[in-house]
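Throughout, a chain's letter reflects where its sequence line sits, starting with A, and its residues are numbered from 1.
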Amino acid sequence: MQKGRVSLEKLREVAHLRCRTNVIGATMRVRNQLSKATHDFFMGNDFLYLHTPIITSSDCEGAGQMFQVSTLDLENLPKNDAGGIDYSHDFFGRKTHLSVSGQLNGETYACGMGRIYTFGPTFRAENSNTSRHLAEFWMVEPEAAFFTLSENTLLAAAYLRHCFKHLLDTCQDDIDFFNLRIDKGLRARLEGLVDAEYKRITYTEAVDLLLKADQKFEFPVIWGADLQSEHERYLCEEVFNGPVTVTDYPKEIKAFYMKLNDDEKTVRAMDVLCPQIGEIIGGAEREDRLDVLEHRMAQHDLDPEDYAWFLDLRRYGSVPHAGFGLGFERLVQFCTGMGNIRDVIPFPRTPKNASF
RNA sequence: UCCUGCGUAGCUCAAUGGUAGAGUAGGUGACUGUUAAUCACUUGGUUGUAGGUUCGAGUCCUACCGCAGGAGCCA
C-alpha cells in the first residue's frame with residue numbers, strides 16, 4: 001500500500017486495515033457507547049429487554065422483501081400436488097424467513113408484560129443501493145402498553161436526548177475527531193439537542209408548510225402523497241434546522257396495524273426525520289380494536305389466517321399500546337457525521353456484497 | 001430497481017482512435033540523517049468481464065459485473 005490516505009471505499013475491501021484506522025475505530029467506539037446508552041435508557045425506564053426471534057414464519061409482515069430460510073436442497077426441491085414447493089419437508093415444516101421487524105412479537109409481550117424493547121439484527125432483502133440502507137442492520141424497537149401517540153413521541157425524544165448526552169459524556173475525544181475531520185458542526189449539533197425541545201407537527205401541517213415554501217420541489221406536494229426525500233429534507237434542514245417529528249399520516253400510505261384516527265382519514269403514525277439521513281425513527285400507536293384491525297387488513301389484502309395469533313392479541317384482553325423502530329446505524333451516522341451507512345457497522349451487508 | 005458518473009501497475013491517478021506512463025509502495029545500492037515522503041537505479045499491466053465497430057480500441061458501441069452520488073423503498 002501507498003503511504004497516506006486510504007479511502008473509506010477501499011477500506012471496505014481490506015478487513016485487517018479497516019478495523020485499525022482512526023475513523024472506523026472512533027465510529028465503533030461511538031457505536032459501542034450508543035448500545036450502552038440504549039440499554040441504560042430503556043432498562044432505566046422499566047422496559048424489559050426482549051429477545052425476539054430472528055427466524056419468523058409470518059408470510060408477509062408488510063415491511064419489504066424477506067430473505068428465505070430453508071434447508072431444502074435447491075437442486076432438488078420437493079413438489080406438492082399443485083406443482084409448487086412442498087414446504088412440509090422443510091426444516092420448520094413451513095416457509096420461513098429472516099425477521100424484518102420484531103414488532104409483532106414485541107407487541108405480544110408488551111400487552112402481556114407492559115413495557116418491552118428489542119435490540120437486534122434485522123434483515124431486508126430490498127435491492128436498495130443507497131448510503132442509508134443495509135440488508136442486515138440493527139434495530140431498536142420499544143413497545144409499551146397504555147402508551148398513546150403523544151407518549152410515544154415523548155419517549156422517542158427522551159431516548160435520543162439520552163443518547164446524545166451519554167455520547168458527549170463518554171466519547172469526548174471521538175466527537176472532537178469527527179467534528180474536526182468529518183462533520184464541522186457535529187459537536188454543536190449534538191450539544192444543542194441535549195436540552196432542546198423536539199419539534200412535532202402533523203402531516204397536514206407539514207404539507208401546509210411545504211405548500212407555502214418559497215422553494216421549487218421536483219415532486220409536487222399533495223395531501224395524501226407520501227413525503228419525498230426533498231420534502232423531508234426541507235422540513236428538517238430549512239424549517240426546523242434539526243430533527244422533527246411528523247405525526248398523523250394519511251392511512252393509505254401507512255401500515256395496516258396503525259391506529260385509525262376519529263377522522264377516519266389519518267392514522268396515529270409518527271416519523272422522526274433528521275437532517276442528511278432522513279427517517280431515523282418510524283412508529284405508531286397500534287390499532288387495538290379488533291373489528292377495525294380486521295377491516296384494515298382486508299383493505300391491505302392480507303389473509304387473517306396468517307395473523308391469527310396477532311388478532312387474538314386484540315380478541316383476548318386488548319390494551320392500547322404504541323411503539324417505534326429506530327435504525328441503529330442511522331443513529332450512529334447522525335452521531336458521527338459519517339456519510340455512508342456501510343462505514344458505521346463492523347461488517348456491512350448490502351446487495352451483491354457480503355465479503356468478510 | 002431507475003438516472004448520472006466512474007472502473008488503467010499492490011495503492012493514488014495520467015494518457016487529441018495511433019509504441020500504456022507518473023507518483024507512491026516493493027526490490028537493489030548509497031546516506032547514519034532524525035520524525036508519513038533523503039538520494040540513485042529497478043521490478044511491476046490480458047486497461048473490470050464478454051462481445052462488436054475499425055487498418056488500428058484504455059479511448060467508440062452493446063451487454064454484464066462492481067463502486068460512488070441522486071431517486072424509489074424504508075429504519
According to a 3.5 Å limit on both distances, what stems of 3 or more consecutive Watson-Crick or G-U pairs are formed with RNA chain B?
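When the pairs of RNA chain B are grouped into runs of at least three, the stems are B:1-7 with B:65-71, B:10-13 with B:21-24, B:26-30 with B:38-42, B:48-52 with B:60-64.
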If you compare every side-chain N and O of A:Arg132 against the phosphate oxygens of B:G70 (OP1, OP2), does one of them come in below 4.0 Å?
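For B:G70, neither OP1 nor OP2 has a side-chain N or O of A:Arg132 closer than 4.0 Å.
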Using a cut-off of strictly less than 4.0 Å, decide whether A:Gln65 has a side-chain nitrogen or oxygen near OP1 or OP2 of B:C73.
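For B:C73, neither OP1 nor OP2 has a side-chain N or O of A:Gln65 closer than 4.0 Å.
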Within the structure shown, what part of the strands sits under 4.0 Å from A:Leu331 by heavy-atom distance: base, sugar-phosphate, or nothing?
nothing
For A:Glu329, report the nucleic acid contact type (base, sugar-phosphate, nothing); a contact means any heavy atom under 4.0 Å.
nothing
Aromatic ring proximity A:Phe123/A:His97, centre distance under 6.0 Å
no
In B/S/- notation, 5' to 3', how is nucleotides 63-69 of chain B contacted by protein heavy atoms closer than 4.0 Å?
---SSSS
Between atom [atom1] in [X] and atom [atom2] in [N], what is the gap in whole Å?
| X | N | atom1 | atom2 | answer |
| --- | --- | --- | --- | --- |
| A:Tyr117 | B:A75 | OH | P | 21 Å |
| A:Leu17 | B:G10 | CG | P | 16 Å |
| A:Ile277 | B:G70 | CD1 | C1' | 17 Å |
| A:Glu230 | B:C3 | CD | P | 19 Å |
| A:Glu232 | B:A75 | CD | C1' | 12 Å |
| A:Asp271 | B:C74 | CG | P | 10 Å |
| A:Leu134 | B:C74 | CG | C1' | 12 Å |
| A:Glu126 | B:C73 | CD | C1' | 5 Å |

Carboxylate-amine/guanidinium proximity below 4.0 Å for [X] and [Y]:
| X | Y | answer |
| --- | --- | --- |
| A:Glu107 | A:Arg314 | yes |
| A:Arg189 | A:Glu191 | no |
| A:Asp169 | A:Lys165 | yes |
| A:Lys95 | A:Asp90 | no |
| A:Lys254 | A:Asp226 | no |

Among B:G72, B:U12, B:A75, the one nearest A:Met139 by side-chain distance:
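For the A:Met139 side chain, the nearest candidate turns out to be B:A75.
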Under a 4.5 Å cut-off applied to non-hydrogen side-chain atoms, are A:Lys79 and A:Asp86 in contact?
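They are not in contact (no side-chain heavy atoms under 4.5 Å apart), so the answer is no.
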With rounding to the closest Å, how many angstrom separate the [atom1] atoms on [N] and [M]?
| N | M | atom1 | value |
| --- | --- | --- | --- |
| B:U47 | B:A57 | C1' | 11 Å |
| B:A15 | B:G23 | C1' | 15 Å |
| B:U59 | B:G18 | P | 11 Å |
| B:A36 | B:A30 | P | 25 Å |
| B:A37 | B:G27 | P | 14 Å |
| B:U46 | B:G58 | P | 13 Å |
| B:U24 | B:G44 | C1' | 13 Å |
| B:U12 | B:U49 | C1' | 23 Å |

Kindly determine whether A:Trp138 and A:Glu329 satisfy side-chain contact (heavy atoms from CB on, under 4.5 Å), including the steps that lead there.
CA-CA 7 Å; A:Trp138 285 59; A:Glu329 282 74 21; 3.7 Å; yes
Enumerate donor-acceptor pairs with a distance under 3.5 Å from any side-chain N or O in residues 259-266 of chain A to protein atoms, sequence neighbours excluded.
{"from": "A:Lys259", "atom 1": "NZ", "to": "A:Asp288", "atom 2": "OD1", "distance (Å)": "2.9"}
{"from": "A:Asn261", "atom 1": "OD1", "to": "A:Arg268", "atom 2": "NE", "distance (Å)": "2.8"}
{"from": "A:Asn261", "atom 1": "ND2", "to": "A:Asp248", "atom 2": "OD1", "distance (Å)": "2.7"}
{"from": "A:Asn261", "atom 1": "ND2", "to": "A:Thr266", "atom 2": "OG1", "distance (Å)": "2.9"}
{"from": "A:Asp263", "atom 1": "OD1", "to": "A:Lys265", "atom 2": "N", "distance (Å)": "2.8"}
{"from": "A:Asp263", "atom 1": "OD1", "to": "A:Thr266", "atom 2": "N", "distance (Å)": "3.0"}
{"from": "A:Asp263", "atom 1": "OD1", "to": "A:Thr266", "atom 2": "OG1", "distance (Å)": "3.2"}
{"from": "A:Asp263", "atom 1": "OD2", "to": "A:Thr266", "atom 2": "OG1", "distance (Å)": "2.9"}

Can you check whether any acceptor in the base of B:C74 is under 3.5 Å from a donor in the side chain of A:Ser128, or vice versa?
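Per atom types, no contact qualifies.
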Of A:Arg233 and A:Lys254, the one whose closest RNA chain B nucleotide lies more 5':
A:Arg233
Looking at B:A75 and A:Phe328: do their rings stack (centroid distance under 5.5 Å, interplanar angle under 30°)?
no
Go through it in stages, so that I can follow the logic: the residues are A:Arg115 and A:Glu143, the test is salt bridge (Lys or Arg N to Asp or Glu O under 4.0 Å), and I'd like the CA-CA distance, side-chain angles, deciding distance and then a yes or no.
CA-CA 6 Å; A:Arg115 301 175 177 189; A:Glu143 193 74 34; over 6 Å; no
Test A:Tyr257 against every option in A:Glu285, A:Gln103, A:His300 by the side chain to side chain donor-acceptor pair (under 3.5 Å) rule and name the one that passes.
A:Gln103
